[in-house]
K.L.:
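Got a structure for you, written out below as structure tokens; questions coming shortly.
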Number of protein chains: 2
Amino acid sequence: MKTTPETVKYVRRFGQRVRLIRQQNELSQEELADRAGVHRTYIGMVERGEKNATIVTIVKISGALGVPATELVREIEDA
Amino acid sequence: MKTTPETVKYVRRFGQRVRLIRQQNELSQEELADRAGVHRTYIGMVERGEKNATIVTIVKISGALGVPATELVREIEDA
DNA sequence: TTGAGCTACAGACCATAATTAGCATTGCCG
DNA sequence: CGGCAATGCTAATTATGGTCTGTAGCTCAA
């Protein structure tokens with residue numbers, strides 16, 4: 001998929017929500033990564049809006065954060 | 001990403017929700033694809049649980065279906 | 001200062017998301 | 001019957017998701 005401005009927008013908002021909830025849970029990126037079963041640097045990229053995560057990864061991360069997947073997708077879409 | 005059983009599970013449930021809501025809206029796969037700006041066959045693959053869609057694609061499809069992205073992610077995660 | 005914990009970032013790599021074209025099948029309708 | 005709409009399915013290609021290694025910067029405590 002091409003990296004359109006909209007692409008960047010949604011991905012960035014998703015990353016912001018991940019970072020926010022991770023910090024509320026007082027987890028480091030590495031702790032979150034380990035719990036989610038993804039790589040350390042990948043969490044960083046997601047939070048910075050550099051990676052367009054898939055459903056499976058979203059579920060992994062939401063599980064590791066102890067929130068439903070819908071929490072991470074909330075309010076990402078509207079302008 | 002490896003195709004683990006969990007992978008298949010979440011992806012399949014997501015596809016089921018897409019198909020359900022598409023049919024409730026009385027759209028063909030092709031109409032949905034055009035509205036979402038993705039290819040016809042891709043929608044078919046998603047509904048059949050063969051594709052692990054990304055955030056951007058989820059938002060595109062949810063927009064084309066006229067529902068919030070959270071609607072498509074709802075109840076995908078639990079066993 | 002020195003060291004430890006946390007994060008940003010770059011580069012290389014493999015698996016796969018997403019595109020596209022093509023053909024087969026099913027069911028419905030004239 | 002023939003034709004049309006909708007879907008399933010395959011194969012080939014390109015772009016990118018996700019892994020891994022390593023470097024560098026920051027803050028804070030000893």
Side-chain angles (χ1 to χ4, degrees), chain A residues 1-65 69 72-73 76-77, chain B residues 1-65 69 72-73 76-77:
Chain A
M1 171 163 322
K2 267 295 190 323
T3 303
T4 66
E6 297 153 321
T7 300
V8 175
K9 183 170 63 178
Y10 302 135
V11 165
R12 196 172 48 213
R13 288 187 186 162
F14 176 78
Q16 289 171 352
R17 287 201 61 76
V18 170
R19 174 162 293 181
L20 177 67
I21 300 177
R22 175 179 65 80
Q23 291 174 337
Q24 288 175 345
N25 287 30
E26 296 184 46
L27 292 173
S28 68
Q29 289 181 350
E30 189 160 14
E31 286 172 325
L32 174 55
D34 289 346
R35 293 191 188 187
V38 299
H39 200 268
R40 173 179 65 80
T41 61
Y42 181 66
I43 293 291
M45 294 192 233
V46 166
E47 290 188 354
R48 274 176 266 129
E50 297 172 6
K51 287 293 180 180
N52 184 16
T54 63
I55 298 173
V56 172
T57 307
I58 295 172
V59 172
K60 284 183 182 176
I61 295 177
S62 68
L65 287 173
L72 296 183
V73 182
I76 286 191
E77 52 227 303
Chain B
M1 170 164 322
K2 267 293 190 322
T3 303
T4 67
E6 297 153 321
T7 300
V8 176
K9 185 170 60 179
Y10 301 136
V11 165
R12 197 173 46 212
R13 288 186 186 162
F14 175 76
Q16 289 170 352
R17 288 201 60 76
V18 171
R19 172 161 294 180
L20 177 67
I21 300 177
R22 174 179 66 80
Q23 291 175 338
Q24 289 174 345
N25 287 30
E26 297 184 44
L27 292 173
S28 69
Q29 289 181 351
E30 190 160 14
E31 286 171 326
L32 173 56
D34 289 345
R35 294 193 187 186
V38 301
H39 200 268
R40 174 181 70 82
T41 61
Y42 183 68
I43 294 291
M45 294 190 222
V46 166
E47 290 189 356
R48 271 176 266 133
E50 297 171 6
K51 284 295 174 181
N52 184 16
T54 63
I55 299 173
V56 172
T57 306
I58 295 171
V59 172
K60 282 184 184 176
I61 294 177
S62 69
L65 288 173
L72 296 183
V73 182
I76 286 190
E77 53 226 304

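Note that the structure is a prediction, hence the values are computed from the model and not measured. Below, chain A is the first sequence line, B the second, and so on; all start at residue 1.
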K.L.:
Find the distance A:K51:NZ to C:dA10:P and express it as a whole number of Å.
P.N.:
13 Å
K.L.:
Could you tell me the separation between the CD atom of A:E50 and the C1' atom of C:dA8, rounded to a whole number of Å?
P.N.:
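Value for this atom pair: 9 Å.
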K.L.:
Does a side-chain heavy-atom distance below 4.5 Å link A:V8 with A:V11?
P.N.:
no
K.L.:
Could you tell me if the side chain of A:N25 sits less than 4.5 Å from the side chain of A:L32, heavy atoms only?
P.N.:
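Contact flag for A:L32/A:N25 side chains = no.
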K.L.:
Quickly work out the A:I43 CD1 to C:dC6 P distance and round it to whole Å.
P.N.:
15 Å
K.L.:
Please test A:K60 against A:V56 for side-chain contact (heavy atoms from CB on, under 4.5 Å), starting from the C-alpha separation and ending with a verdict.
P.N.:
CA-CA 6 Å; A:K60 284 183 182 176; A:V56 172; 4.0 Å; yes
K.L.:
Nearest-Å distance, CD (B:E31) to C1' (D:dA5)?
P.N.:
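Going from CD in B:E31 over to C1' in D:dA5 covers 11 Å.
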K.L.:
To the nearest Å, give me how far apart CG (B:D34) and P (D:dT7) are.
P.N.:
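From B:D34 CG to D:dT7 P: 12 Å.
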K.L.:
Which salt bridge (charged side-chain N to carboxylate O under 4.0 Å, His left out) pairs, counting each pair once, include a residue from residues 43-58 of chain A, with sequence neighbours left out?
P.N.:
A:R19-A:E47, A:R22-A:E47, A:R48-A:E50
K.L.:
Using a 4.0 Å cut-off on heavy atoms, which residues in residues 19-30 of chain A reach DNA chain C? List them by number, or say none.
P.N.:
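Contacts with DNA chain C under 4.0 Å: A:R19, A:R22, A:S28, A:Q29.
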K.L.:
Using a 4.0 Å cut-off on protein heavy atoms (strictly under), produce a 5'-to-3' string for nucleotides 20-30 of chain C with B for base contact, S for backbone-only sugar-phosphate contact, and - for none.
P.N.:
BBB--------
K.L.:
For the pair made of CZ in B:R48 and P in C:dA18, what is the distance, rounded to whole Å?
P.N.:
15 Å
K.L.:
Any non-hydrogen side-chain atom of B:V18 less than 4.5 Å from a side-chain atom of B:L72?
P.N.:
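Touching, per the 4.5 Å side-chain cut-off.
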K.L.:
Who passes side chain to side chain contact (heavy atoms under 4.5 Å, CB included) against B:E26, sequence neighbours left out?
P.N.:
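With neighbours one apart ignored, the set is empty.
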K.L.:
Mind calculating the distance between CZ (B:F14) and P (C:dA17) to the nearest angstrom?
P.N.:
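From B:F14 CZ to C:dA17 P: 12 Å.
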K.L.:
Within the structure provided, determine whether B:V46 and B:T57 are in side-chain contact (heavy-atom separation under 4.5 Å).
P.N.:
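Sidechains of B:T57 and B:V46: no contact.
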K.L.:
Show which side-chain atoms of residues 33-42 of chain B pair as donor or acceptor with protein atoms under 3.5 Å away, not counting sequence neighbours.
P.N.:
| unit_1 | atom_1 | unit_2 | atom_2 | d |
| --- | --- | --- | --- | --- |
| B:H39 | ND1 | B:T41 | N | 3.3 |
| B:H39 | ND1 | B:T41 | OG1 | 3.2 |

K.L.:
Within the structure provided, determine whether A:I58 and B:I76 are in side-chain contact (heavy-atom separation under 4.5 Å).
P.N.:
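Sidechains of B:I76 and A:I58: no contact.
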K.L.:
Could you tell me whether the phosphate oxygens of D:dT16, OP1 or OP2, come under 4.0 Å of any side-chain nitrogen or oxygen in A:N52?
P.N.:
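For A:N52, the contact criterion (side-chain N or O under 4.0 Å from OP1 or OP2 of D:dT16) is not met.
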